[in-house]
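The chains referred to below are lettered A, B, ... by the order of the sequence lines, with proteins before strands, and numbering in each begins at 1.
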Amino acid sequence: MADLEIRDLTVEADGNEILRGVTLDLDRGRTIALMGPNGSGKSTLAYAIAGHPAYEITGGTMTWEGTELNELSPDERARLGVFLAMQYPTEIPGVSVTNFLRTSLNAVRGEDVPVREFMTGLKEEMAALEVDQSFLQRSVNEGFSGGEKKRFEILQMAMLKPALAVLDETDSGLDVDALRIVSEGVDRLRSPELGVLIITHYTRILRYIRPDEVHVMFEGRIAASGGPELADELEAEGYERLKSSV
Amino acid sequence: MTTLSRIDAASLASTSEAAGEPTWLAERRQLAARRFGDQAWPDSHTDEFWRSTPFDVRFDVERELAAAEGGGLPPEGVLAGVEGGGVQVTIVDGALTSVVQHPAAEAAGVVVTDLRTAATDHAALVEAHLGRLTTTTEGGTGSDEDRTITLNDAAWTGGVFLHVPAEVELDVPISVHVHVTAAGAHLPRVLAVVGHHARATLYLEHTSVDGVSALVDEVAELIVEDGAQLRLATLQDWGSGVEHLALQKAEVHRDARVLALAFTTGGTTVRLRPEFDLVGPGAEVRPLGIYMASEGQWFDLQPYVRHIAPRASSDVLFKGALQGESRTVFRGNVFVHRDAVGTATDENNRSLILTDGARADATPFLEIECSDITAGHGSATGQIDARHLYYLQARGIDRDTALRMIVTGYFTEILDEADLPGVSDRALAVIERRIAAADLSAVQVNDLNLREEGEA
Ligand SMILES: Nc1ncnc2c1ncn2[C@@H]1O[C@H](COP(=O)(O)OP(=O)(O)OP(=O)(O)O)[C@@H](O)[C@H]1O
Ligand SMILES: [Mg+2]
């Protein structure tokens, strides 16, 4: 049994069926890439895994290390090690980055991390991701540029050390330097303990974070699967071939 | 003892005499007593400013004046004035019980004293200003048409006089703490004069023994002279059982600046009038408000900004949260005199409805006689944004903790802007206590906007 096991998953949003039977396996220590045209359901799958309330599971199963995720609240999933780096991170007025990260880390670890230790760890990770210290006083994501938001998502991942990381278009909105810093950041976090699902439209992030498998979503289903070479083919040829094959 | 309704000139005359008040003060009380006799209590059917709050239902005036004995001690709890470490004045049950001076204030000649004593010792200033802002009616000013104000003019007890002389820049706060332990009516009065180009921070703090049934009818007159800066915070954390009528009226002169934070969380009924008369050109005022109403509470918040002089600016922002069967009214009044060219005014109110059954009303009331101005206003009532809640939960934070963080964060914007020493800690402690007492499982979130995620 795979660590993350998704079987025939169907998901609705706003009464519309968006995922129409997705089956996917991901083990800790492995990295898979998920590609596919706009609107095919990639973010929907990511949100379904992370328990977003707008997405209703209508069929199939989704387990993490044997536990049915659908029965857990988003915070319970996060405490099991599930992490979603969002495509559009939310701004939260008045909640400071420091307070947010500390509360989150304590919740995920299930114990209070001493302030000293927390600050030291945080400053190290911020330095590695080249996030300025002035962000500590700011409100979560408020007024951050698109690229800064993505960097902050990965900073959270670095702090929380999840077991399953879903990165939803973390590469979009990043310039070349930022892409390198963020991708290297993710690559550093890879370990036999971590499973990674990277959602992307481009291979440029995959050059830093080499996937073990590539899957393609099309109209709410996995329409093709293969090795890293599949990503290169798709980038060169687009999704046209897929459309004709479905 | 007589109840408030039966206060009359004769009884006040004997009180004045017994207290050794100077003639001018005794006469002023007599005048007010006569006005009081001619006035009726506010009537929500006929009185424009009382339309939203039924006076007879929410305020009990058949009470006796609380004995001014200063019994009981103020609570041990955190007080912003104590945290801020400045001058501390305490009024318990209508009597001034202690004045703790601060070396910096004393050295600079800052006067902090009992108002009755000041009526003799600082007669020039006190006679010139006491009651001036409550009784003038020119140019749209004047608040004495309201009997609840006249009552204080006539019969105030527990008064404080503060004077920050011209050009004195005092950085430590002056705090006046009104504490109520005895049932009945309390009539505190504050007169503060901030001289030209002086700088001062004033806190008015309010606490009571929980469950004591009292009416507190409070008037503060604040004169802010040319180029002076006043930072004012009213922190109101009454126990249950208190009905509070408060007028805080500031007269803001040429190029003077006032930042005022009104923090309202306690009591059964609170009617707060933070008023600002911008009488000098270039005057600037930033009235901020935070309110948090719970089961059974009714808050009627009526900031009033009067632009009398040209090129003055005002920007009002009140934010609140409501839960349980509670009610808040925000009526933001702005008056712009025909001569007040170049006025810039804005006014905004936001209310967060946490649970079903709470109701927040907002009405802007603009009376504009001059066309050469910029004026704006806005109000919004909503629920906690489900996207905020989800983001925090997705990071492992449980729902209750996440809700607490969101509500606290919502108010932090205002506390950070006010940035008053000791106030944020005090306010956040009160907010957290109120949230802790709430039933968070009943909190409703707004998930209508979950869909708009992409547009963020
Ligand atoms: N909350 C929602 N309510 C209604 N429809 C939704 C919702 N979220 C997504 N959809 C619809 O579901 C479909 C799939 O959306 P999704 O965001 O999963 O696509 P995607 O593959 O991530 O696309 P992109 O590459 O543009 O990010 C789209 O047609 C979208 O409009
Ligand atoms: Mg997407």
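Using a 4.5 Å cut-off between heavy atoms, T401(B) touches chain A through its side chain atoms alone. Looking at Q87(A), neither its backbone nor its side chain comes within 4.5 Å of chain B, counting heavy atoms on both sides. Heavy-atom distances place both the backbone and the side chain of L84(A) under 4.5 Å from chain B. Only the side chain of E153(A) comes within contact range of chain B, with at least one heavy atom under 4.5 Å from a heavy atom of that chain.
Side-chain contact between V140(A) and H388(B) is absent, with no heavy-atom pair separated by less than 4.5 Å. Within the 4.5 Å cutoff, the side chain of T90(A) has no heavy atoms near those of the Y390(B) side chain.
The distance from atom CD of Q137(A) to atom CG of D416(B), rounded to the nearest 0.5 Å, is 10.5 Å. Rounding to the nearest 0.5 angstrom, the gap separating the CZ atom in R395(B) from the CZ atom in R79(A) is 14.0 Å.
For R399(B) and E76(A), the salt-bridge test fails: no basic side-chain N is under 4.0 Å from an acidic carboxylate O.
Your options are T412(B), D398(B), I414(B), and the one with the most heavy-atom pairs under 4.5 Å with chain A is D398(B).
By the neighbour-count criterion of 12 heavy atoms within 6.0 Å, atom OH of Y202(A) is sparsely surrounded, having that number or fewer from other residues, nucleotides or ligands.
Chain B is approached within less than 4.5 Å, heavy atom to heavy atom, by P93(A), G94(A), V95(A), N99(A), F100(A), T103(A), S104(A), A107(A), V108(A) from residues 93-111 of chain A, ordered by number.
The shortest heavy-atom contact between M86(A) and A394(B) is CE-CB, 3.9 Å.
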